[in-house]
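The structure appears right after this line, and notes come after that.
Computed from a predicted structure; not experimentally measured. Atoms considered below: every heavy atom in the structure, side chains included; atoms not considered: hydrogens, waters and symmetry mates.
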Amino acid sequence: MKWRNRRKSTNVEDRRGMSSGRNSGGGLNPMLIGLLLKLVTSKKGLLIVGVVVAIMYFTGNNPLNFLTGNTSNQIQNTTYKGTAKENELAEFSNQVLRDTEDVWNGLLSNYQEPKLVLFTNAVSSACGSASSATGPFYCPGDNKIYIDLSFFDEMARKLNAPGDFAQAYVIAHEVGHHIQNLTGISRKVQSMRGKISKTEYNKLSVMLELQADFYAGVWAHHSQRNNLILDDNDLQEALNAANAIGDDRLQKKSTGRVVPDSFTHGTSAQRMRWFKKGFDTGDINQGDTFNAKTL
């Protein structure tokens, strides 16, 4: 995949090596402590302190940033020293995110770009805490994609799905979930939880995941058309990754049997089919998995 030496995204938060607590920004600094001590001498100051502490607690950001107008899109960890391979993956993920931004800004009016959070071992999000074992995920509560870069090594070693375009597919799939959040599709599916049987809800979940695969294919279509990003065998890498993470294959590998009613992401064949359909057509209007005659 041709990804090097291109423009970078400004929507990456590098939290590698940071604590997974709410205040992953490192806590109060001396300047903020001094400011708070001055404020607590008055009733008005106490109110301000309460607001400031609430900001710190619920966002995990240093409140001083809000008081000084420093609200950068990026959190850059300047103390963490990753391996050369990991740092290259971080750069790669940044470039892929930027490429999705270029494509979806061109396809959707008023597109709101998601942020990508790189973390190590565990992380806190608006959707709760998660460990690396969770795998990459999108949180609609804060419009952020979370990835521990070690997952890409797991893909290659345990799932036999190596390759940079396979990795790009993973990021693009999570961006697909962001698009579903923007369009309200995710909320419609979520609203059905508890109203229908678990089996029926699982079917909706499969449709949601397959549509995200389709959107990943749409991204790949337009990125290839605009920038010729694909090398030989890149498309096969993505299809191989889609095949590797099908519910049927994962269940067969882990338990030795397949239970279709418990599927939440789709079979290997379905995941490959919908990604390929997005890649072949590049037409976002052809990705209505919820009304498709067959998945």
Side-chain angles (χ1 to χ4, degrees), residues 1-4 82-97 99-100 116-121 130-138 145-178 205-206 208-221 223-224 229-258 262-280 289 295:
M1 180 179 172
K2 303 178 180 68
W3 60 270
R4 300 181 187 277
T83 65
K85 180 180 179 181
E86 183 187 5
N87 291 335
E88 183 177 60
L89 283 174
E91 178 74 9
F92 167 80
S93 300
N94 184 303
Q95 297 282 350
V96 172
L97 182 67
D99 201 88
T100 65
L116 174 65
V117 178
L118 307 179
F119 70 95
T120 306
N121 298 325
S131 70
S132 299
T134 305
F137 67 96
Y138 170 73
I145 298 164
Y146 293 83
I147 296 179
D148 184 326
L149 295 173
S150 65
F151 176 78
F152 292 141
D153 183 57
E154 295 284 311
M155 282 179 59
R157 291 189 302 106
K158 295 185 177 181
L159 299 178
N160 194 29
D164 52 8
F165 200 64
Q167 297 161 357
Y169 154 71
V170 170
I171 296 173
H173 172 91
E174 299 306 330
V175 172
H177 283 312
H178 175 64
S205 178
V206 167
L208 196 71
E209 295 295 334
L210 294 180
Q211 188 177 63
D213 282 334
F214 172 82
Y215 286 148
V218 170
W219 159 74
H221 170 98
S223 188
Q224 171 65 1
I229 64 169
L230 297 184
D231 290 320
D232 293 341
N233 299 319
D234 272 350
L235 180 59
Q236 188 56 46
E237 286 180 1
L239 291 172
N240 181 52
N243 177 66
I245 56 180
D247 282 327
D248 53 342
R249 180 168 177 172
L250 292 176
Q251 285 187 359
K252 184 72 173 179
K253 184 177 180 179
S254 63
T255 67
R257 64 192 186 98
V258 175
S262 68
F263 289 172
T264 57
H265 286 66
T267 67
S268 294
Q270 289 171 335
R271 302 202 69 168
M272 289 191 292
R273 183 183 308 126
W274 281 96
F275 175 84
K276 188 66 163 50
K277 183 176 182 179
F279 181 80
D280 288 341
T289 55
L295 292 177

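Residues Trp3 and Ile229 are not in side-chain contact: their nearest non-hydrogen atoms beyond the backbone lie 4.5 Å or more apart. The side-chain heavy atoms of Phe119 and Leu149, taken from C-beta on, include no pair separated by under 4.5 Å. At a threshold of 4.5 Å between non-hydrogen side-chain atoms, the residues Val117 and Ile145 do not count as touching. Residues Thr134 and Tyr146 have side chains not in contact (no heavy-atom distance under 4.5 Å, counting atoms from C-beta outward). Between Val206 and Leu295, some side-chain heavy-atom pair lies under the 4.5 Å cut-off. With contacts defined as side-chain heavy-atom distances shorter than 4.5 Å, the pair Gln167/Met1 does not qualify. The shortest distance between side-chain heavy atoms of Glu154 and Ser132 does not fall below 4.5 Å. Counting heavy atoms from C-beta outward, Arg271 and Asn243 have side chains that stay 4.5 Å or more apart.
Scanning for ring pair (Phe, Tyr, Trp, His ring centres under 6.0 Å) contacts around Tyr138 gives His178, with sequence neighbours left out. Asp248 is linked by a side chain to side chain donor-acceptor pair (under 3.5 Å) to Ser268, counting only residues two or more places apart in sequence or in another chain. By the side chain to side chain donor-acceptor pair (under 3.5 Å) test, Ser223 is found to be paired with Asp99, residues two or more places apart in sequence or in another chain being considered.
Judged by distance alone, with hydrogens and angles left aside, the side-chain atoms of Asp213 form no donor-acceptor pair with the main-chain N or O of Trp274 at under 3.5 Å. The backbone N or O of Phe214 sits nowhere less than 3.5 Å from a side-chain atom of Lys277 that would complete a donor-acceptor pair. Checking side-chain atoms of Asn87 against main-chain N and O of Thr83 turns up a donor-acceptor pair under 3.5 Å.
In plain terms, the two heavy atoms of Phe151 and Gly135 that are nearest each other are CD1-CA, 4.3 Å. Across all non-hydrogen atoms, the minimal contact from Asp148 to Asn121 is OD2-N, 2.8 Å. Across Trp219 and Ala172, no two heavy atoms sit closer than the pair CE3-CB, 3.5 Å. Shortest non-hydrogen contact noted between Met155 and Ala241 is CE-CB, 4.1 Å. Nearest heavy-atom pair across Phe263 and Val258 is CZ-CG1, 3.3 Å. Closest of all the heavy-atom pairs between Leu235 and Lys276 is CD2-CE, 4.1 Å.
Here the CD-CZ distance, from Gln251 to Arg257, works out to 8.0 Å after rounding to the nearest 0.5 Å. Taking CD1 of Ile245 as the start and OG1 of Thr267 as the end, the distance is 11.5 Å to the nearest 0.5 Å. To the nearest 0.5 angstrom, Leu159 atom CG is 5.5 Å from Lys253 atom NZ. If you take CD on Glu237 and CG on Leu230, they are separated by 9.5 Å, rounding to the nearest 0.5 Å. In this structure, the separation between CG on Leu89 and CG on Asp153 is 8.5 Å, given to the nearest 0.5 Å. Atom NE2 of His173 sits about 13.5 Å away from atom OG1 of Thr100, to the nearest 0.5 Å.
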task = Evaluate the criterion side-chain hydrogen bond (donor to acceptor under 3.5 Å, both in side chains) for residue pair His265 and Gln270; output intermediate values, then yes/no.
result = CA-CA 9 Å; His265 286 66; Gln270 289 171 335; over 6 Å; no

ask   = Yes or no on side-chain contact (heavy atoms from CB on, under 4.5 Å) for Phe152 and Ile171, after CA distance, side-chain angles and deciding distance?
value = CA-CA 11 Å; Phe152 292 141; Ile171 296 173; 4.3 Å; yes

Pair Glu209-Thr264, side-chain contact (heavy atoms from CB on, under 4.5 Å): steps then yes or no = CA-CA 8 Å; Glu209 295 295 334; Thr264 57; 6.0 Å; no

task = Could you check Asp164 against Asp234 for side-chain contact (heavy atoms from CB on, under 4.5 Å), going step by step and ending with a plain yes or no?
result = CA-CA 8 Å; Asp164 52 8; Asp234 272 350; 3.7 Å; yes

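For Phe275 and Tyr169, the ring centers are positioned less than 6.0 Å apart.
Side-chain polar atoms of His221 and Asp280 form no donor-acceptor pair below 3.5 angstrom. At a cut-off of 3.5 Å, with distance as the only test, no side-chain donor of Ser150 or Glu86 sits close to an acceptor on the other residue.
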